[in-house]
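Heads up: the structure comes next, in structure tokens.
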2 protein chains.
Amino acid sequence: MVSRKGTEGENDTGTLGKLMVLLDLVTHAERPLRFTDILAQAGQPRGTLHRQLGHLVEEGLLELDGEGRYSPGLRLLDLAARSWAKNEFRLIAEPHLRALQAMSGETVHLGVLRGTSIIYLDKVEGQQSVRMYSQIGNASPVYCTGVGKAALSVLPEASVAALAAAIPFQRFTENTLASAESLLAELASIRTEGCAFDREEHEQGIRCVAAPIWTPDRSLVGGVSITGPAYRLTMERLTEWAEPVREAAGSIMEGMRVRLGPRR
Amino acid sequence: MVSRKGTEGENDTGTLGKLMVLLDLVTHAERPLRFTDILAQAGQPRGTLHRQLGHLVEEGLLELDGEGRYSPGLRLLDLAARSWAKNEFRLIAEPHLRALQAMSGETVHLGVLRGTSIIYLDKVEGQQSVRMYSQIGNASPVYCTGVGKAALSVLPEASVAALAAAIPFQRFTENTLASAESLLAELASIRTEGCAFDREEHEQGIRCVAAPIWTPDRSLVGGVSITGPAYRLTMERLTEWAEPVREAAGSIMEGMRVRLGPRR
DNA sequence: AATTGAGTTCCAAATAATGGAACTACGGGA
DNA sequence: TCCCGTAGTTCCATTATTTGGAACTCAATT
């Protein structure tokens, strides 16, 4: 993975930075990693790595099982649960997400831009009470999600260009915008429309309509979307829902203005 | 020997330890904290604290808004989402939780013991698709939750005694077991029954029945429970469900034996 | 018994954290 | 407008922690 730090350089300096690299390694891995696995990827001397892992385990950020395999620790859940519960942006948006869900009957997402990814902050779905946590906290690429493209559309040209250059494009479906050029072109139309569509660009058979949410200084940029299967979400239906989605985004921004102060 | 943090003393030593104290401070706070608020509680010199917070912000573990207030960062969600998705214990338990939910129609929880708290790892509820993330990751006291008491019941006497001595008992309802003695007494009966009840001990009007889950070496101790409102979950009903809950716990342990190896 | 691989421990040297103090920015009140 | 107090930031010599090479233990393999 490249640095998640927007426009800046590498970051594995500082004690914390190095530890975070390890945390990332373990949380990104498919399965629990053994000491040697981590050693191979971390580029740290054995002794150093051993102590670093020891500290992470001691703090509950990692867990070391009986077979010497490292996996993410429970402390992460604990910290995340608390930060999610009190996230102001999410709290402000929640009623509007529910309203959109009730109106459409489909799944509604709230996401924010972070580097070249969208992180989902909340998800409201109908009765099909499947996994809910599943999506929250997950990072998805900006260039092939409705929320991602909507978010980019409100950034200044320069920032978009810088981000686009840093995106590791990858084709998920035949509709995926797999280059900086095609992405930039689409952003233009999104700006005039005020909303973005995902036409099965990330996952075959899944469409969505999204509207951007931003603070005046762009310190927070994200969006809200309605997502669902292509057979129910025809393009006509999506177009119909564009207005309610834009309105929800507007209401959320209004809520932020009131609650967070007009400055940013 | 790298020490575990079970029953031991303070831990704000080491660079990471000090940073974790700050993370805890911010995630536990009701509202975003200003520099001065943290300064008052952290007991660090101004310069030091300032740099520490800077590092946490840089890594996305904290966020600093335009008004100079610190709140938990998105990186926490990202890390937690990944660790939750691949948690082996949770994955093994999931189908059994669903089965219990389908059988009872009530909410089913999976939790593990961590220090003197129970951390909920999963939650499956019926159609009332309210907040789901809400509970997952949350820490609740051992002594007044079904899962907590069940978990304690399979620990060796010595460990329970040590834990009980460390619990800051607090009375939540008139039924709360608010002393080490009453807790230890109840554990005896839980051991013979093989399941624990929460008779409105944590929250007025909420009852539950839970069964313990443990590994042979007790490195992982937790439980599974069915929870619901007292008017639906009469004590007779709870008693009826004790057996299925015990069976589910047994199946989960069998699954762990197979998947994680018989050693631990 | 010898060998190999995995994990752990040790300690002088290198590096990062510390914290007191000086500095800046902002916001009243006189 | 000037002055003072509070909040936040920066600086840097001192101090403490991390670093990493190497030696060591342990277990499985040949």
Side-chain angles (χ1 to χ4, degrees), chain A residues 5 8-26 29 31-59 61-71 73 217 219 260-264, chain B residues 1-5 9-26 29 31-59 61-71 73 217 219 261-264:
Chain A
K5 288 201 50 212
E8 289 173 35
E10 296 312 308
N11 185 317
D12 54 350
T13 49
T15 310
L16 179 58
K18 290 166 199 160
L19 292 176
M20 291 303 293
V21 168
L22 296 182
L23 257 191
D24 273 345
L25 263 179
V26 175
R31 315 171 292 106
L33 297 175
R34 285 169 313 142
F35 181 84
T36 318
D37 302 329
I38 304 177
L39 182 61
Q41 296 180 68
Q44 302 267 21
R46 306 163 73 75
T48 302
L49 181 65
H50 189 256
R51 187 179 23 74
Q52 287 171 334
L53 291 173
H55 286 157
L56 289 170
V57 168
E58 206 170 318
E59 291 297 339
L61 297 173
L62 288 184
E63 255 160 47
L64 176 56
D65 69 22
E67 280 86 42
R69 303 177 313 166
Y70 292 88
S71 38
D217 69 355
S219 63
L260 303 178
R263 259 159 267 179
R264 68 170 193 169
Chain B
M1 51 168 174
V2 183
S3 66
R4 301 245 146 61
K5 288 199 53 203
E10 297 313 306
N11 186 318
D12 55 350
T13 49
T15 309
L16 180 58
K18 290 166 199 161
L19 292 176
M20 290 303 293
V21 168
L22 296 182
L23 256 191
D24 273 345
L25 263 178
V26 175
R31 315 170 292 107
L33 297 176
R34 285 169 313 144
F35 181 84
T36 320
D37 301 329
I38 304 178
L39 183 62
Q41 296 180 69
Q44 301 267 23
R46 307 162 71 77
T48 302
L49 181 65
H50 189 257
R51 186 176 26 71
Q52 288 171 335
L53 290 173
H55 285 156
L56 289 170
V57 169
E58 203 170 319
E59 291 296 340
L61 297 173
L62 288 185
E63 255 159 46
L64 176 56
D65 68 23
E67 279 86 41
R69 304 178 314 165
Y70 292 88
S71 39
D217 68 355
S219 65
R263 262 158 263 179
R264 68 170 193 172

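Order of the sequence lines sets the chain letters (A, B, ...), proteins ahead of strands, with each chain counted from 1.
- Residue Thr36(A) has no polar side-chain atom (N or O) positioned under 4.0 Å from OP1 or OP2 of dG5(C).
- Atom CG of Asp37(A) and atom P of dG5(C) are 15 Å apart (whole Å).
- Taking atom CZ of residue Arg69(A) and atom P of nucleotide dA6(C), one finds them 16 Å apart after rounding to whole Å.
- Looking at Leu49(B) and Phe35(B), their side chains come closer than 4.5 Å, going by heavy atoms from C-beta outward.
- The shortest side-chain heavy-atom distance between Leu16(A) and Thr15(B) does not fall under the 4.5 Å cut-off.
- In this structure, Tyr70(B) and Val57(B) have side chains that are in contact, with non-hydrogen atoms separated by less than 4.5 Å.
- Bracketed by its first and final contacts, the part of DNA chain D lying under 4.0 Å from non-hydrogen atoms of chain B reaches from dA7(D) to dT18(D) in 5' to 3' order.
- Taking for each of Thr15(A) and Tyr70(A) the nucleotide of DNA chain C with the nearest heavy atom, the 5'-most of the two is the partner of Tyr70(A).
- To the nearest angstrom, P of dG19(C) lies 14 Å from CG of Leu53(B).
- Non-hydrogen atoms lying under 4.0 Å from DNA chain D are contributed by Arg46(B), Gly47(B), His50(B), all within residues 43-52 of chain B.
- Atoms CZ (Phe35(B)) and C1' (dA25(C)) sit 15 Å apart, rounded to a whole Å.
- Counting heavy atoms from C-beta on, the side chains of Met20(A) and Leu61(B) come closer than 4.5 Å.
- A straight line from CD of Glu67(A) to P of dG7(C) spans 12 Å, rounded to a whole angstrom.
- Residues Arg34(A) and Asp37(A) have side chains in contact (heavy-atom distance under 4.5 Å, counting atoms from C-beta outward).
- Rounded to a whole Å, the CD1 atom of Ile38(A) is 13 Å from the C1' atom of dA6(C).
- Here the CG-CD distance, from Asp24(B) to Gln41(B), works out to 11.5 Å after rounding to the nearest 0.5 Å.
- Inter-residue side-chain proximity for Thr48(B) and Gln52(B) is flagged as met; some heavy-atom pair is nearer than 4.5 Å.
- When the P atom of dA17(C) is taken as reference, atom CG of Leu56(B) falls 11 Å away, rounded to whole Å.
- Residues Leu23(A) and Leu62(A) form a side-chain contact, since some pair of their non-hydrogen atoms from C-beta on lies under 4.5 Å apart.
- Side-chain contact between Leu39(B) and Arg46(B) is present, with at least one heavy-atom pair separated by less than 4.5 Å.
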